[in-house]
Amino acid sequence: MKSTDAKFPLAEKIPTELIKHDDVRIDNYFWMRLSDDQKLAEIKDDQTQKVVNYLEAENEYYDKLTAYTKTFQEGLFQEMKGRIKENDSSVPYKDNGYFYITRYETGKQYPIYSRKKETLAADEEVLFNVNEMSKGHDYYQLGGLNISTNNKLVVFAVDTVSRRQYILRIKNLETGEIYKDIIENTTGGSVWANDNKTIFYTKKDPRTLRSERIFRHILGTPTSQDIEVYHEKDETFGVYVTKSKSKKYIFIGSYSTLATEAQYLDADNPTGQFTILQKRVKDLEYSVAHYKDHFYFLTNKDGATNFKLMKTPVSKTTKENWTDVIPHRADTLLEDFSIFKDYLVLEERAGGLNKIRIKRWDEKEDYYLPFDEETYAAGVYGNPEFDTNIIRYSYNSFTTPSSVIDFDMSNQSKEVKKEQEVLGGKFHKENYISKRVWVTARDGKKVAVSLVYHKDTALNENTPLMQYAYGSYGATIPDSFSTTRLSLLDRGFVFALAHIRGGQYLGREWYEGGKMLNKKNTFTDFIDCSKYLIDNKYTSAKHLYAMGGSAGGLLMGTIINMNPELYNGVIAAVPFVDVISTMLDDTIPLTTGEYDEWGNPNEKVYYEYIKSYSPYDQVTAKAYPNMLVTTGFHDSQVQYWEPAKWVAKLRELKTDNNILMLHTNMETGHGGASGRFEALKETAQDYTFFLALENKLDLDTIKP
């Protein structure tokens, strides 16, 4: 990037002594922490103003450093926007007699939710126009739409702060009236009982944001009279409420990383008592569905590491009565299942790839849907109807735009309902190459890396390559299509997705191998993939870039402490980098529920292990790559002060003259901007950083 006379801000050092297990840590930037009340206060106290001033100074420095790229950023944004069909709509899905549609209008940021009765030829009934609802808000998120059984009412959830603390409201779909009922501090989810007047919802602890209580609300009664039906007192568990696809039962689910527990209630008897299906047992996980006179469980019972499907009579629900439906397989991860009247649909993963299996209940048929590409992403979704032979699934790959497909399980025919349009006339699938390579990690494990690049891109040590990964919570990042990524590929970049340990790409053991006291495998896997790409002349350290967000931002912070020389530039988005301090503070949202992911540092063995890789604690005096760090001031998952403190410490200690920028969106939280175009601007900002480092700001390549 170009040099500039802009002077970066230096944060004041105010030492704070932190002591645990007789170990003393000095945190010079602990003062940057603010409470939610301080952040949201209209009149700011001295400390709040000091923090805001620092963040705004960093933003000003970012703006000065990137000023020469602003025209390019805007052009890149317009290029990305130009690939999107602005006047677009989802494939309608049918539920309880209505077709539901989400559509966008040209130039509008937010969706319009509507429905049509019985047939798509019917008049459109607009449920919500979020473009109108969002006026006057810098951030606006509508979610949790939940239609009553009689189709006359809808519960909806709104977040205007980006902290995922939703307000629930109820709308009469016949009159358009929004009722006075206002329920605050919820997860956004809700469930209707079959009486069309009772809803169940989940409230959060306002301090930690842990979902902890289930309430029952009766339409028209004051919310102050809502009845608490369950309180999850174990701080390592969260809780939710849902309804069976059969509409017969309401479930309360309690969950932690290593254990689950479910309770059920007849949806026709909303004031009844919930009954526990199976009490929580350490290391026993299960999710539940209902079919006829049985409950079905996706579970790891009896050491089923990759999970299996079991069932039990509704009258005998404890685990000693469970029997196998789909046994455990060492080479296949059972990810999910869907129940239909005549069919059982299984979503599996083997060799890293998605598989969709169709099985008749009468066992006359059992087959897999055929997928031919080496890397792809497929999944069943949007199937609320029970009595149907049609399943809907999505399919896409690095080179194939997303398709929505209806598959008839009775005759094995399929209909492509919609294929994602890539506007602009420049995209042709055959111009891109996708493949998968296997990297031998330092302990002998084979790690998959999925690659995509333009066919005209020569692979050598001068090729820019952006390596991405996440690697936590068992999340598998799919090999999916991206219209925005084309802006990198068309400028000669290779995109590499590393399927490192901590995800479940190669099954549950792949996840177990990258968590707790095995967490460092996540970082070394990524580094070993980087070295492989360099050694095999896909790129070189001068042209290798890395990117990750949230727990993937932790990954970025760790790899630059371990092997900073491998990367020319790194983007860490909303990065979880102050791991040891956060995991020691149970007032911070999500902390207690994550002990089974990272370890509880109140125990010395985990304290020492976490501290040994925690990016903030491991910053030392050495050269670091060029870096862009992004965060949101209202982030409830990774508090803004983690990246802010980290950047301040890096500025203090790093010995290089490379770029280091912190950009804080003062209006948003963990997920970034809420509008579809504002989100594109953030992507353009990120890509411009990489392209500027590669000196590829060729404005002539951007056409209206």
Side-chain angles (χ1 to χ4, degrees), residues 1 62 66 69 73 76 80 398 447 449-453 463-472 475-480 482-489 491-500 502-503 522-523 525-527 529-530 533-534 538-539 541-564 566-577 615 624-632 638 642-643 646-647 650 658-663 665 670-672 679-694 696:
M1 299 182 76
Y62 167 82
T66 60
T69 72
Q73 275 193 49
L76 197 61
M80 294 175 178
F398 274 164
V447 182
V449 181
S450 301
L451 301 162
V452 62
Y453 51 94
T463 305
L465 185 150
M466 196 264 272
Q467 184 180 336
Y468 183 89
Y470 184 71
S472 291
T476 300
I477 306 299
D479 297 337
S480 55
S482 166
T483 60
T484 57
R485 190 188 299 135
L486 297 174
S487 292
L488 285 182
L489 304 186
R491 290 173 173 82
F493 266 74
V494 176
F495 176 77
L497 175 56
H499 300 289
I500 55 181
T522 299
F523 317 131
D525 280 358
F526 190 92
I527 290 168
C529 290
S530 298
L533 294 168
I534 292 171
Y538 285 92
T539 187
K542 291 181 179 179
H543 300 281
L544 178 57
Y545 303 90
M547 183 174 181
S550 195
L554 160 64
L555 172 66
M556 296 300 102
T558 306
I559 64 168
I560 64 167
N561 281 334
M562 296 174 69
N563 287 93
L566 293 178
Y567 308 97
N568 186 36
V570 171
I571 292 179
V574 290
F576 178 36
V577 286
Y624 284 91
N626 296 287
M627 294 181 61
L628 170 61
V629 181
T630 61
T631 187
V638 179
E642 291 198 36
W646 182 46
V647 167
L650 283 166
N658 290 329
I659 297 293
L660 173 59
M661 298 182 291
L662 171 67
H663 185 266
N665 189 324
H670 199 66
L680 282 181
K681 289 179 181 178
E682 293 180 345
T683 302
Q685 166 188 297
D686 293 342
Y687 284 6
T688 297
F689 175 71
F690 290 139
L691 291 164
L693 291 174
E694 275 292 310
K696 291 185 178 292

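Sequential numbering from 1 along the given sequence is applied to the chain's residues. Just so it is clear, the structure is predicted and the values come from calculations on it, not from any experiment. Side chains included, hydrogens not; waters and symmetry mates left out as well; all remaining heavy atoms used.
Between the Asp479 side chain and the Phe398 main chain, no donor and acceptor come within less than 3.5 Å of each other. Not one N or O on the side chain of Thr539 forms a donor-acceptor pair closer than 3.5 Å with the backbone of Pro464. No side-chain donor-acceptor contact under 3.5 Å links Asn665 to the backbone of Gly632. The backbone N or O of Phe576 lies less than 3.5 Å from no partner atom in the side chain of Glu642, so there is not a single donor-acceptor pair.
The distance from the CG atom of Leu566 to the CD1 atom of Ile559 is 8.0 Å, given to the nearest 0.5 Å. Note that OG1 of Thr522 is 11.0 Å distant from OH of Tyr470, once rounded to the nearest 0.5 Å. Taking CZ of Arg485 as the reference point, atom OH of Tyr453 lies at 14.5 Å (rounded to 0.5 Å). Once rounded to the nearest 0.5 Å, the distance linking CD1 of Ile527 with CD of Gln467 reads 9.5 Å. To the nearest 0.5 Å, atoms CD1 (Ile477) and CD1 (Ile500) are separated by 9.5 Å. Distance check: Tyr545 OH to Asn568 CG gives 4.0 Å after rounding to the nearest 0.5 Å.
Across every non-hydrogen atom of Ala692 and Thr69, the tightest pair is CB-CG2, 4.5 Å. Across all non-hydrogen atoms, the minimal contact from Trp646 to Ala572 is CZ3-CB, 3.9 Å. Contact between Lys542 and Glu694 at its shortest, heavy atoms only, is O-OE2, 4.0 Å. The two residues Val638 and Pro575 have their closest heavy-atom pair at CG1-O, 3.1 Å. Taking every heavy atom of both residues into account, Cys529 and Ala498 meet most closely at SG-CB, 4.2 Å. Considering every non-hydrogen atom in both His499 and Val447, the closest pair reads O-CG1, 3.7 Å.
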Evaluation steps, side-chain contact (heavy atoms from CB on, under 4.5 Å), between Tyr624 and Asn561 = CA-CA 8 Å; Tyr624 284 91; Asn561 281 334; 2.8 Å; yes
Verify side-chain contact (heavy atoms from CB on, under 4.5 Å) between Leu76 and Tyr687, making sure each step is shown before the conclusion.
-> CA-CA 9 Å; Leu76 197 61; Tyr687 284 6; 3.8 Å; yes
Taking it one step at a time, do Tyr538 and Val494 satisfy side-chain contact (heavy atoms from CB on, under 4.5 Å)?
-> CA-CA 8 Å; Tyr538 285 92; Val494 176; 5.6 Å; no
Start with the C-alpha gap between Ile534 and Leu544, add the side-chain angles, then the distance that decides, and say whether side-chain contact (heavy atoms from CB on, under 4.5 Å) holds.
-> CA-CA 8 Å; Ile534 292 171; Leu544 178 57; 3.9 Å; yes
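Between Phe690 and Phe493, the two ring planes are tilted [angle within 30° to 60°].
With respect to Leu662, the side chain to side chain contact (heavy atoms under 4.5 Å, CB included) criterion is satisfied by exactly one of Thr630, Val647, Leu628: Val647.
Remark: His543 engages no residue in a ring pair (Phe, Tyr, Trp, His ring centres under 6.0 Å) (not counting sequence neighbours).
Looking only at side-chain heavy atoms (C-beta outward), Tyr62 and Gln685 come within less than 4.5 Å of each other. Using a 4.5 Å cut-off on side-chain heavy atoms (C-beta onward), Val629 and Val577 make no contact.
Side-chain contact check for Tyr567 and Asn626: no donor-acceptor pair (N or O, by modelled atom type) lies under 3.5 Å.
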